[in-house]
Amino acid sequence: MQHRQTISQTQLCALLWASLLAPAAELLPAVTLLWAGKAAWFTTLLAFPVLAAVGWVLSHAAWRRDGLPQIIRAGFGPVVGRGILLLYMVWGEFLLALRLRLCAQRLLASGERDGSLWFYLPVAALLALWMARGKLAAFARAGQVLLAVVLTAAAVVLGLALFQVRPEHLLPLWWQDALPVASGVLPVCGVLGWGMFAAFLLGNTEPAKHSRRDWLIWSGAGCLLLSLEQLVVVGNLGESLAQRLHSPFFALAKSVGVEGAFQRVESIVSALWIFGDLALLGVILFALWEMARTVWKKAEQKTVVTAAVLPAIIISMAAFPDGVGAEAAGRGIVLVGNLILGAALPVFGAGAAALAKRSGHKGTSCG
């Protein structure tokens, strides 16, 4: 029997946001511009109540040291719950392969003709495998460093581009824009759904006195950062151009620089952004291990993560041979799947588990 490794809630939140910054930089504001237009930067602020509510429900259900796998089995029953966990494992394997492909594509594009996709992809996979075969506590400590590196890179790009924002790209906004902006919360939640696998590590967090308050602070700060990122990107590139680009944030990095110091930072930013990719890959792999040992009691960590990474390398190359399919999947089926599996099912399972636990207590007292 393997002992459960414990981490702090701060470390889990750092892992969550370090992993979310990778897909957010690729998808925002491209996916929200379709819904909200020039007011896309406001959609992440409206998504804060949704993110806070989902986190509150899951933390309330997990405060007795139950992780999301146990919550799902308690809410849906042992048979259906195991099937849902298997569904999450399949989805996690798909996201693992997709993230490897997108990471390799970005590194290849930043190096122009230097390097090869066959080099970047296995290297990223082996780095993630090396991190996931270790202890969760060590990975969580590394996650804080990964977050600091990615935030520093983001601060450099956004800080330099902030002075180039053109107000006409953002204003004016009218009351009739409110409904499209509200509907733009859906794709934002789909992007944030990339972090769903961090919820499977909730059972490994130490009890915290102000856990819900801390979650609100982390959620608010994260949504503000994503809102600033969208505002700066749209304010610089404009609505039409930002919507056509595959990764507007990295396109923005090509246009910033400091005279006399450095003129082009996109290659450095793309290289540093691999820290966010590694955080996301590691979170998925550790979550797959948590699910595997809930479904199969004798599952071993090193066996599970190795068995997950090796097929992901093959799938990432076979399923997306031209690379265009990876970007289309990231903006289409992934966002829909993340909405369902990242919010609807966990919240429903947590509610069902709470009702089952309450009815069990009543039955015991009556007995």
Side-chain angles (χ1 to χ4, degrees), residues 2-24 48 51-52 54-71 92 95-96 99 127-155 192-226 272-291 293-294 301-302 304-305 342 346:
Q2 302 181 55
H3 296 288
R4 187 176 291 273
Q5 305 172 39
T6 59
I7 60 176
S8 68
Q9 180 173 331
T10 298
Q11 291 173 328
L12 181 61
C13 289
L15 280 174
L16 170 64
W17 284 104
S19 60
L20 279 177
L21 289 177
F48 167 70
L51 183 62
V54 172
W56 185 90
V57 170
L58 293 180
S59 63
H60 178 72
W63 75 276
R64 296 182 184 273
R65 309 285 293 151
D66 289 334
L68 188 55
Q70 291 76 24
I71 292 173
L95 293 186
L96 193 68
R99 177 47 42 191
L127 285 174
L129 179 61
W130 172 67
M131 299 178 73
R133 285 169 64 92
K135 294 183 178 180
L136 177 61
F139 175 63
R141 290 192 296 270
Q144 295 175 291
V145 179
L146 300 179
L147 177 62
V149 172
V150 177
L151 285 179
T152 301
L192 295 177
W194 274 92
M196 75 176 80
F197 291 97
F200 288 90
L201 307 180
L202 274 172
N204 297 280
T205 55
E206 300 171 350
K209 185 177 181 181
H210 303 292
S211 59
R212 294 174 184 170
R213 183 195 65 186
D214 295 341
W215 170 250
L216 290 177
I217 294 174
W218 276 93
S219 301
C223 289
L224 283 173
L225 175 62
L226 296 183
L272 291 178
W273 224 259
I274 194 176
F275 288 100
D277 293 309
L278 290 176
L280 179 54
L281 294 171
V283 167
I284 294 176
L285 287 172
F286 273 103
L288 290 175
W289 173 46
E290 288 291 330
M291 288 182 274
R293 70 177 183 176
T294 302
Q301 176 185 358
K302 294 182 179 180
V304 171
V305 297

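No experiment lies behind these values; they were computed from the predicted model shown.
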Is there a side-chain contact between Gln144 and Thr10 in this structure, where contact means two heavy atoms from C-beta onward sitting under 4.5 Å apart?
yes
Mind checking the CG-CG spacing from Leu151 to Leu272? Nearest 0.5 Å is all I need.
12.0 Å
If you apply the rule side-chain contact (heavy atoms from CB on, under 4.5 Å), what do you find for Leu226 with Leu192, and how did you get there?
CA-CA 10 Å; Leu226 296 183; Leu192 295 177; 3.9 Å; yes
Any salt bridge (Lys or Arg N to Asp or Glu O under 4.0 Å) involving residues 279-288? Give me the pairs, sequence neighbours left out, ordered by first then second residue.
none
Write down the atom of Gly143, the atom of Ala18, and the distance for their closest heavy-atom approach.
O-CB, 4.3 Å
Locate the shortest heavy-atom distance separating Gly195 from Leu16; write the atom from each residue and the value.
O-CD1, 3.5 Å
Which donor-acceptor pairs under 3.5 Å do side chains of residues 128-142 form with protein atoms, sequence neighbours excluded?
{"unit_1": "Arg133", "atom_1": "NH1", "unit_2": "Thr306", "atom_2": "OG1", "d": "2.8"}

Thr6 vs Asn204 side-chain heavy atoms within contact, under 4.5 Å
no
Would you name the heavy atoms of Ala22 and Gly276 that are closest together and state the gap between them?
CB-C, 3.9 Å
Give the minimum heavy-atom separation between Trp215 and Cys13, together with the two atoms involved.
CE3-SG, 3.9 Å
What I'd like to find out is whether the side chain of Gln9 reaches to under 4.5 Å of the side chain of Trp218, using heavy atoms alone.
no
Any chance you could measure Leu285, atom CG, to Gln301, atom CD, to the nearest 0.5 Å?
10.0 Å
Shortest non-hydrogen separation from Gly92 to Leu288 and the atoms involved:
CA-CD2, 4.4 Å
Single hit among Leu278, Leu280, Ile284 for side-chain contact (heavy atoms from CB on, under 4.5 Å) with Ser19
Leu280
Residue pair Leu21 / Leu147, side-chain heavy-atom distance below 4.5 Å
yes
Answer yes or no: is there a side-chain heavy-atom contact under 4.5 Å between Phe48 and Leu216?
yes
Non-hydrogen atoms of Ala154 and Trp273 that approach each other most closely
CB-CH2, 3.7 Å
Validation: residues 196-203 side-chain donor-acceptor distances under 3.5 Å, sequence neighbours left out:
none

Is the closest side-chain heavy-atom distance between Leu281 and Leu96 below 4.5 Å?
yes
Is any side-chain heavy atom of Cys223 closer than 4.5 Å to a side-chain heavy atom of Leu51?
yes
